[in-house]
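The next block holds one structure in the form of structure tokens; read it before the comments.
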Amino acid sequence: SAVISQKPSRDICQRGTSLTIQCQVDSQVTMMFWYRQQPGQSLTLIATANQGSEATYESGFVIDKFPISRPNLTFSTLTVSNMSPEDSSIYLCSAERVNTEAFFGQGTRLTVV
Amino acid sequence: GDSVTQMEGPVTLSEEAFLTINCTYTATGYPSLFWYVQYPGEGLQLLLKATKADDKGSNKGFEATYRKETTSFHLEKGSVQVSDSAVYFCALRPPSGYSTLTFGKGTMLLVSP
């Protein structure tokens with residue numbers, strides 16, 4: 001298994017500002033992902049974080065709004081830019097090795113006011 | 001495309017009651033199937049998994065059997081505890097190549113003493 005540390009665990013932010021969420025895995029993993037979980041909803045994949053190159057975004061998500069970095073095999077960041085109340089959600093980092101199950105961080109609960 | 005359908009919650013039970021949370025899926029071939037659990041304020045944790053037809057995954061008293069004929073992976077537990085109160089997510093991964101997980105909407109379980 002892998003242990004994923006995600007921070008901050010929660011934050012309250014003003015609209016128009018940006019928040020960067022960090023995800024650290026305790027061992028090398030092949031894939032890292034970022035999900036959004038809106039209140040009472042399931043997980044929606046935002047993007048796959050690719051090491052050393054641009055992330056692969058899912059439909060409805062764009063790099064300008066959710067820039068992602070992955071400088072090495074164990075670390076990734078997600079920035080929520082120019083926030084609005086609609087961005088209030090839980091953001092989850094996930095990591096996988098080939099042919100294994102996914103591991104998740106504890107999530108970042110974001111409230112935009 | 002692939003999809004996962006779970007019964008809607010909340011499911012409300014008394015302690016020691018029998019639990020069933022239904023999960024059916026739509027996918028090509030033989031996907032791997034998973035149940036994840038999310039305790040309040042935490043990220044997702046893998047509960048159990050099955051990778052081929054008729055496999056039974058089990059963990060912490062929970063069980064689920066991969067039924068190809070009914071495309072189902074229902075979660076069961078013979079006697080629930082208050083500490084089992086959480087949101088349960090059914091998920092699948094397609095068999096061919098590497099693909100991300102597809103999650104159901106989640107089912108909240110509330111167990112009262």
Side-chain angles (χ1 to χ4, degrees), chain A residues 1-11 21-26 29-50 55-59 61 76 78 89-111, chain B residues 1-11 21 23-25 30-52 55 57-59 64 66 73 86-110:
Chain A
S1 64
V3 175
I4 301 178
S5 299
Q6 186 176 337
K7 59 181 182 181
S9 59
R10 60 177 64 233
D11 208 341
I21 303 167
Q22 298 182 2
C23 178
Q24 177 73 55
V25 188
D26 68 344
V29 291
T30 308
M31 310 291 284
M32 294 184 75
F33 305 93
W34 288 96
Y35 289 86
R36 182 172 70 185
Q37 185 182 20
Q38 294 181 303
Q41 300 296 313
S42 186
L43 281 70
T44 300
L45 181 64
I46 297 172
T48 301
N50 300 309
T56 304
Y57 289 85
E58 299 299 306
S59 176
F61 298 96
S76 179
L78 167 74
S89 188
I90 298 172
Y91 293 85
L92 291 159
C93 171
S94 171
E96 301 177 19
R97 301 188 187 93
V98 177
N99 295 325
T100 68
E101 62 269 20
F103 304 98
F104 287 83
Q106 73 271 31
T108 297
R109 185 177 296 272
L110 171 64
T111 303
Chain B
D2 298 339
S3 65
V4 176
T5 302
Q6 289 181 239
M7 62 188 291
E8 291 201 19
V11 174
I21 299 178
C23 171
T24 58
Y25 68 89
Y30 290 81
S32 295
L33 301 173
F34 305 85
W35 277 101
Y36 282 84
V37 58
Q38 185 178 34
Y39 297 103
E42 298 185 13
L44 275 70
Q45 303 173 27
L46 179 68
L47 182 60
L48 53 84
K49 67 178 180 181
T51 57
K52 59 182 186 295
D55 266 2
S58 61
N59 186 26
Y66 189 143
F73 193 54
V87 180
Y88 293 81
F89 291 92
C90 186
L92 71 81
R93 173 177 287 136
S96 58
Y98 185 85
S99 302
T100 57
L101 291 167
T102 298
F103 286 91
K105 291 188 175 182
T107 303
M108 178 177 288
L109 170 64
L110 300 172

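Worth knowing before you read on, the calculation uses all heavy atoms, side chains too, and leaves out hydrogens, waters and symmetry mates. First the proteins, then the strands, lettered A, B, ... as listed; each starts at 1.
Residue Met108(B) qualifies as open at atom CE: its count of foreign heavy atoms under 6.0 Å is 12 or below.
Side-chain contact between Leu101(B) and Glu96(A) is present, with heavy atoms from C-beta onward closer than 4.5 Å.
Only the side chain of Gln37(A) comes within contact range of chain B, with at least one heavy atom under 4.5 Å from a heavy atom of that chain. When heavy atoms are compared at a cutoff of 4.5 Å, Phe89(B) approaches chain A solely by way of its side chain, counted from C-beta outward.
Between the side chain of Ser42(A) and the backbone N or O of Gly104(B) there is at least one donor-acceptor pair closer than 3.5 Å.
Of residues 41-48 of chain B, those residues lying under 4.5 Å from chain A by any heavy-atom pair are Gly41(B), Glu42(B), Gly43(B), Leu44(B), Leu46(B). Against chain A, the residues from residues 30-40 of chain B that qualify, each with a non-hydrogen atom under 4.5 angstrom away, are Phe34(B), Tyr36(B), Gln38(B) in number order.
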